[in-house]
Amino acid sequence: EKRAIDAFVFGNGSDVIMLVATVHGNENAGTPILYKFMDYIKNNRSILNGRKIVVLPLANPDGMANDVRTNANGVDINRNFPADNRIEADFSGDHALSEPESEFIYEIVNTCLPSRILSFHEPLNCIDYDGPGLEIAQKMAEVCHLDVKKLGGRHGSMGSYIGNDLGIPIITVELPRGSSKLDESVLWKSYKNMLIEFVNYNDNVGNLKGL
């Protein structure tokens, strides 16, 4: 439906981080969180020391506008990636990367080669991970009310492709049911520290190893 999909890039360091929200259009509480985080970056430039942060605050704008899980073609973007476990089905697209939304995410991942990725979803109320992301998920859980829970890679999902096939740690933050109805200030207060912990992960690990 010709709505723009925007990516915002901050910094130029070697530690590349990618943040994504609203892959599923009706799971959109992550979008205001990421817009608030971009404001935070602008006012706290030190978080960019040694880093490049790539932010996709709204990966499925048609789905969000229509309040549906899929894109305008009726395809589940999170089943449209070229993962080894992808299956052919109507909801997963005619072929891998058949959709502009998944193709855009794929191109960013394979161009920027992030060291870790975070994607917001709902409503399973946990911090999930794919690939070597357990330690990152545990660090994030220490500063928020969500527990770590391994859900397993879905067929053709970002987690399966990025985490399991490419070996890049990817964290899926499953916000609680009803989060999309909360005010952005409430969401930011609840998940600010978790998000900063994710971004600062390599620094925190380095400090621990240096003790």
Side-chain angles (χ1 to χ4, degrees), residues 5 7-24 27 30 34 37 47-48 50-56 59-60 76-88 92-93 95-99 101-121 124 126-143 146-174 194-210:
I5 306 173
F8 301 87
V9 181
F10 302 86
N12 57 7
S14 59
D15 184 22
V16 182
I17 301 162
M18 184 173 174
L19 308 169
V20 185
T22 313
V23 171
H24 290 141
E27 301 175 11
L34 289 188
F37 180 63
I47 199 170
L48 295 175
R51 294 193 183 93
K52 175 188 289 185
I53 302 178
V54 182
V55 185
L56 276 74
N60 183 2
D76 186 335
I77 299 306
N78 209 31
R79 302 294 183 270
N80 191 237
F81 287 86
D84 289 344
N85 68 354
R86 176 182 150 77
I87 59 173
E88 298 298 327
S92 63
H95 54 83
L97 304 179
S98 62
E99 308 306 303
E101 298 89 350
S102 55
E103 184 180 19
F104 187 49
I105 295 171
Y106 173 88
E107 289 178 355
I108 292 176
V109 170
N110 285 277
T111 299
C112 296
L113 300 176
S115 64
R116 57 197 178 281
I117 297 172
L118 183 151
S119 181
F120 280 103
H121 283 264
L124 300 181
C126 66
I127 300 176
D128 182 25
Y129 66 94
D130 289 289
L134 174 58
E135 186 175 8
I136 304 174
Q138 290 172 333
K139 292 290 185 183
M140 294 167 63
E142 291 174 2
V143 295
L146 300 176
D147 294 327
V148 177
K149 184 177 180 181
K150 188 75 172 75
L151 300 176
R154 301 299 197 260
H155 296 291
S157 68
M158 285 178 61
S160 294
Y161 172 66
I162 294 170
N164 297 335
D165 296 353
L166 298 185
I168 298 172
I170 178 168
I171 305 297
T172 301
V173 176
E174 286 276 354
M194 177 201 71
L195 196 51
I196 293 173
E197 183 68 32
F198 174 81
V199 171
N200 288 335
Y201 173 73
N202 278 353
D203 281 357
N204 294 341
V205 170
N207 290 338
L208 289 170
K209 290 181 178 178

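What's counted below: heavy atoms across the whole structure, side chains too, no hydrogens, waters or symmetry copies. The model shown is predicted, which means the values in this text are computed figures rather than measured ones.
The heavy-atom pair separating P132 from G163 by the smallest distance is CD-O, 4.4 Å. In this structure, G133 and P169 approach most closely via the heavy-atom pair CA-CB, 4.0 Å. Considering every non-hydrogen atom in both A59 and I105, the closest pair reads CB-CD1, 4.1 Å. What you find for V148 and A141 is that their closest heavy atoms are CG2-CB, 3.8 Å. Residue G131 comes nearest to N164 through the heavy atom pair N-OD1, 3.5 Å, listed as atom of the first residue, atom of the second, then distance. For the residue pair G30 and A21, the shortest heavy atom distance occurs at C-CB, 3.4 Å.
In summary, the side chains of S98 and N80 do present a donor paired with an acceptor at a separation below 3.5 Å, with no hydrogens or angles considered.
For T172 (side chain) and S119 (main-chain N/O), no donor-acceptor pair under 3.5 Å exists by modelled atom type. Looking only at distances, no side-chain donor or acceptor of R79 sits under 3.5 Å from a matching main-chain atom of I77. Using a distance-only test at 3.5 Å, with no hydrogens or angles considered, a donor-acceptor pair links the side chain of T111 to the main chain of E107. Looking at N85, its side chain does come within 3.5 Å of a backbone N or O of G156 through a donor-acceptor pair. The closest donor-acceptor contact from the side chain of S115 to the backbone of V16 lies under 3.5 Å. Not one N or O on the side chain of D15 forms a donor-acceptor pair closer than 3.5 Å with the backbone of R51. The backbone N or O of M158 lies less than 3.5 Å from a partner atom in the side chain of N78, making a donor-acceptor pair. At least one donor-acceptor pair closer than 3.5 Å links the side chain of R86 to the backbone N or O of S92. H121 contributes no side-chain N or O that, together with a main-chain N or O of E174, makes up a donor-acceptor pair within less than 3.5 Å. Distance alone, capped at 3.5 Å, places no donor-acceptor pair between the K139 side chain and the F198 backbone.
In this structure, T22 OG1 and E101 CD are separated by 12.0 Å, a value rounded to the nearest 0.5 Å. Taking CG from L113 and CD1 from I168, the interatomic distance works out to 6.5 Å, rounded to the nearest 0.5 Å. Atoms CD1 and CD1, on I17 and I47 in that order, are 7.5 Å from each other to the nearest 0.5 Å. Between I108 atom CD1 and L56 atom CG the span is 4.0 Å, to the nearest 0.5 Å. Taken to the nearest 0.5 Å, the CD1 atom of I127 stands 11.5 Å off from the CD1 atom of I136. Here the CZ-CZ distance, from F37 to F8, works out to 13.5 Å after rounding to the nearest 0.5 Å.
Taking a 6.0 Å sphere around CG of N110, one finds it holds more than 12 heavy atoms contributed by other residues, nucleotides or ligands.
You'll find the side chain of V173 reaches within 4.5 Å of the side chain of M140, heavy atoms only. In this structure, C126 and D147 have side chains that are not in contact, with every pair of non-hydrogen atoms separated by 4.5 Å or more.
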Working note: K150 + D128, criterion side-chain contact (heavy atoms from CB on, under 4.5 Å); need CA distance, chi angles, decisive distance, verdict. CA-CA 5 Å; K150 188 75 172 75; D128 182 25; 4.1 Å; yes
Yes or no on side-chain contact (heavy atoms from CB on, under 4.5 Å) for L34 and L195, after CA distance, side-chain angles and deciding distance? CA-CA 9 Å; L34 289 188; L195 196 51; 4.2 Å; yes
Show your working on side-chain contact (heavy atoms from CB on, under 4.5 Å) between R116 and I171 and close with a plain yes or no. CA-CA 8 Å; R116 57 197 178 281; I171 305 297; over 6 Å; no
Working for side-chain contact (heavy atoms from CB on, under 4.5 Å), residues V23 and N60: CA-CA 5 Å; V23 171; N60 183 2; 5.7 Å; no
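The aromatic rings of F81 and Y161 sit parallel, their planes meeting at an angle under 30°, below the 60° perpendicular limit.
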